[in-house]
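Since the structure comes first, as structure tokens, the remarks are kept for the end.
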Amino acid sequence: MRKMVAALLVSVMFLSACGSNAGNGNNAGEGKEAKEISVWAWDPNFNIKALELAKETYAKENADLKVNVIENAQADIIQKLNTGLSSGTTKGLPNIVLIEDYRAQSFLQAYPDSFYEMTGKYKTEDFAEYKIAPTSLDGKNYGLPFDTGVSGMYVRTDYLKDAGYTTEDLQDIDWNQYIEIGKKVKEKTGKKMITLDPNDLGFIRMMIQSSGAWYTKDDGVTPDVAENEALKVAFESYKAMIDADIVAPNSDWSQFLAAFNSGEVATVPTGNWITPSVKAEASQSGKWAVVPQPTLPGVANSVHASNLGGSSWYVLNVPGKEQAADFLAKTFGSNKELYQKFITEIGAMGTYKPAAGGEAYQVKDEFFGGQNIIGDFAKWSEQIPQINYGLHTYAIEDVIIVAMQDFLNGKEITKVLQDAQKQAEAQLK
């Protein structure tokens with residue numbers, strides 16, 4: 001992987017030198033003010049709707065700039081960006097693109113001249129601290145933070161009550177205590193505690209970030225698997241849930257949604273972006289609450305706050321970049337009223353801290369028994385440990401998924417992680 005990144009860097013430098021006149025398909029030339037910009041994002045019910053609201057807000061005082069919002073699947077955006085940037089031509093690429101935080105550093109480091117610096121375009125101190133590292137490189141800001149991904153644990157209060165618990169009993173627990181509660185819930189209600197996809201280790205990511213750990217060391221490059229205490233405990237907790245028979249397995253997104261919409265499971269520990277999907281089953285109104293995420297047992301620095309997913313906006317270094325940066329700065333970068341609309345009109349929650357004082361963040365949600373879940377998520381988002389996701393999250397996770405299956409099949413944990421370390425190091429050479 002390092003060789004590939006190095007090759008890409010050389011390729012970009014060479015092509016930048018000889019291809020400075022390459023067109024990009026945008027309605028502006030260098031030094032001329034753009035009349036039109038384009039934005040790529042995924043998820044029509046979340047990111048696209050947020051962009052449309054931002055367009056409306058920006059147009060009130062900047063009517064001369066046309067903003068074209070284009071929906072693409074995240075996988076298509078990744079492929080098109082890599083294809084375009086590695087070839088050295090920006091033709092057909094947008095002015096602004098949404099990139100998942102886990103992948104951001106791989107783009108910033110592989111294509112260092114392809115993104116427009118956003119340092120000074122917005123106040124970094126206005127955004128949750130854990131979002132700054134993934135969006136920065138060499139002390140400079142390139143991304144504007146957006147989707148928080150702050151996690152919590154959605155719980156069925158009726159199932160808890162039948163098992164003799166209240167939400168207060170889940171306020172300050174670790175994953176071992178969660179498992180014990182899960183056994184009781186299953187005994188009393190017949191319901192499983194959680195649904196998990198064995199091929200999606202987002203749950204592990206969420207667990208280890210609660211302690212400030214990741215698959216790599218602080219440099220974001222060196223695999224940190226064999227001696228990673230948080231990862232070891234996360235593996236053990238995951239297996240303990242399986243062994244306790246409190247897990248309903250799923251194999252894809254639709255099965256994941258069905259598990260809680262059908263009433264099959266009692267809890268859903270995940271990112272706050274799941275709220276609209278939970279509320280989609282109107283018959284369950286008043287039966288849900290959200291509590292803080294459990295900590296990793298025995299891991300001293302594990303906190304009741306973490307992150308799963310999340311994404312940020314990036315301006316490509318193409319004609320129209322100044323107007324694109326201005327659009328972001330005046331909307332997602334500073335507009336408190338716009339963030340209230342994100343909450344009230346689409347349920348989208350950003351990481352812009354000044355917005356948390358607005359009315360939308362104080363509203364009690366009757367679906368969740370009158371709980372102010374937005375306010376709680378905002379509070380938890382400020383406690384998320386900041387880490388460097390680095391370059392290789394998904395490459396190492398391909399190794400980790402196999403390691404987890406070995407562990408579940410009985411291989412000793414120390415040997416599992418040592419072997420995974422070697423495989424990760426070999427894969428990234």
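Position 1 is the first residue of the sequence; numbering continues from there.
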For the residue pair [Y] / [X], report whether a side-chain donor-acceptor contact shorter than 3.5 Å exists.
{"X": "Tyr58", "Y": "Asp326", "value": "yes"}
{"X": "Tyr389", "Y": "Gln105", "value": "no"}
{"X": "Tyr111", "Y": "Asn82", "value": "yes"}
{"X": "Glu281", "Y": "Ser283", "value": "yes"}
{"X": "Thr222", "Y": "Asp219", "value": "yes"}
{"X": "Lys80", "Y": "Asn72", "value": "yes"}
{"X": "Gln427", "Y": "Gln423", "value": "no"}
{"X": "Thr148", "Y": "Thr351", "value": "no"}
{"X": "Thr267", "Y": "Tyr178", "value": "yes"}
{"X": "Asn141", "Y": "Ser136", "value": "yes"}
{"X": "Ser151", "Y": "Gln293", "value": "yes"}

For the residue pair [X] and [Y], what are the closest heavy atoms and their distance?
{"X": "Phe368", "Y": "Thr275", "value": "CE1-CG2, 4.0 Å"}
{"X": "Pro385", "Y": "Ser210", "value": "CG-O, 3.6 Å"}
{"X": "Lys123", "Y": "Phe127", "value": "O-CD1, 3.5 Å"}

Is it the case that the side chain of [X] and the backbone of [Y] share a donor-acceptor pair, with hydrogens and angles ignored and the cut-off at 3.5 Å?
{"X": "Gln340", "Y": "Ala355", "value": "yes"}
{"X": "Asp158", "Y": "Leu160", "value": "no"}
{"X": "Ser211", "Y": "Met207", "value": "no"}
{"X": "Asn388", "Y": "Asp218", "value": "yes"}
{"X": "Glu412", "Y": "Lys415", "value": "yes"}
{"X": "Asp169", "Y": "Thr166", "value": "yes"}

Rounded to the nearest 0.5 Å, what's the gap from [atom1] on [X] to [atom2] on [Y]? Could you check?
{"X": "Thr414", "Y": "Phe407", "atom1": "OG1", "atom2": "CZ", "result": "9.5 Å"}
{"X": "Glu100", "Y": "Ile78", "atom1": "CD", "atom2": "CD1", "result": "7.0 Å"}
{"X": "Asn176", "Y": "Ile181", "atom1": "CG", "atom2": "CD1", "result": "11.0 Å"}

Distance flag, aromatic centroids of [Y] and [X], threshold under 6.0 Å:
{"X": "Trp175", "Y": "Phe203", "answer": "yes"}
{"X": "Tyr339", "Y": "Phe342", "answer": "yes"}
{"X": "Trp40", "Y": "Tyr314", "answer": "no"}
{"X": "Phe332", "Y": "Phe146", "answer": "yes"}

Practice item. Hey, can you tell me if Trp273 and Trp253 have their rings parallel, tilted or perpendicular (30° and 60° cut-offs)? Key: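 Trp273 vs Trp253 ring planes: tilted.
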* Asked: Would you call the rings of Tyr154 and Phe377 parallel, tilted or perpendicular, where under 30° means parallel and over 60° means perpendicular?
  ->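 Rings of Tyr154 and Phe377: tilted, 30 to 60°.
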How far apart are the C-alpha atoms of Asp174 and Leu296, what are their side-chain angles, what is the distance that settles it, and do they pass the side-chain contact (heavy atoms from CB on, under 4.5 Å) test?
-> CA-CA 6 Å; Asp174 62 26; Leu296 281 172; over 6 Å; no
Item checked: side-chain contact (heavy atoms from CB on, under 4.5 Å) between Tyr142 and Thr135, intermediate numbers included -> CA-CA 6 Å; Tyr142 287 93; Thr135 55; over 6 Å; no
Any ion pair linking [Y] and [X] (charged N to carboxylate O, less than 4.0 Å)?
{"X": "Glu227", "Y": "Lys232", "value": "no"}
{"X": "Asp365", "Y": "Lys279", "value": "yes"}
{"X": "Asp200", "Y": "Arg205", "value": "yes"}
{"X": "Asp376", "Y": "Lys379", "value": "yes"}
{"X": "Asp162", "Y": "Lys191", "value": "no"}
{"X": "Lys422", "Y": "Glu425", "value": "no"}
{"X": "Asp43", "Y": "Lys49", "value": "no"}
{"X": "Lys239", "Y": "Glu236", "value": "no"}

Residue pair Ser251, Asn199: steps toward the side chain to side chain donor-acceptor pair (under 3.5 Å) verdict
CA-CA 8 Å; Ser251 60; Asn199 293 312; over 6 Å; no
Legend entry - Stepwise side-chain contact (heavy atoms from CB on, under 4.5 Å) test for Leu108 and Phe115: CA-CA 7 Å; Leu108 293 178; Phe115 294 91; 3.8 Å; yes
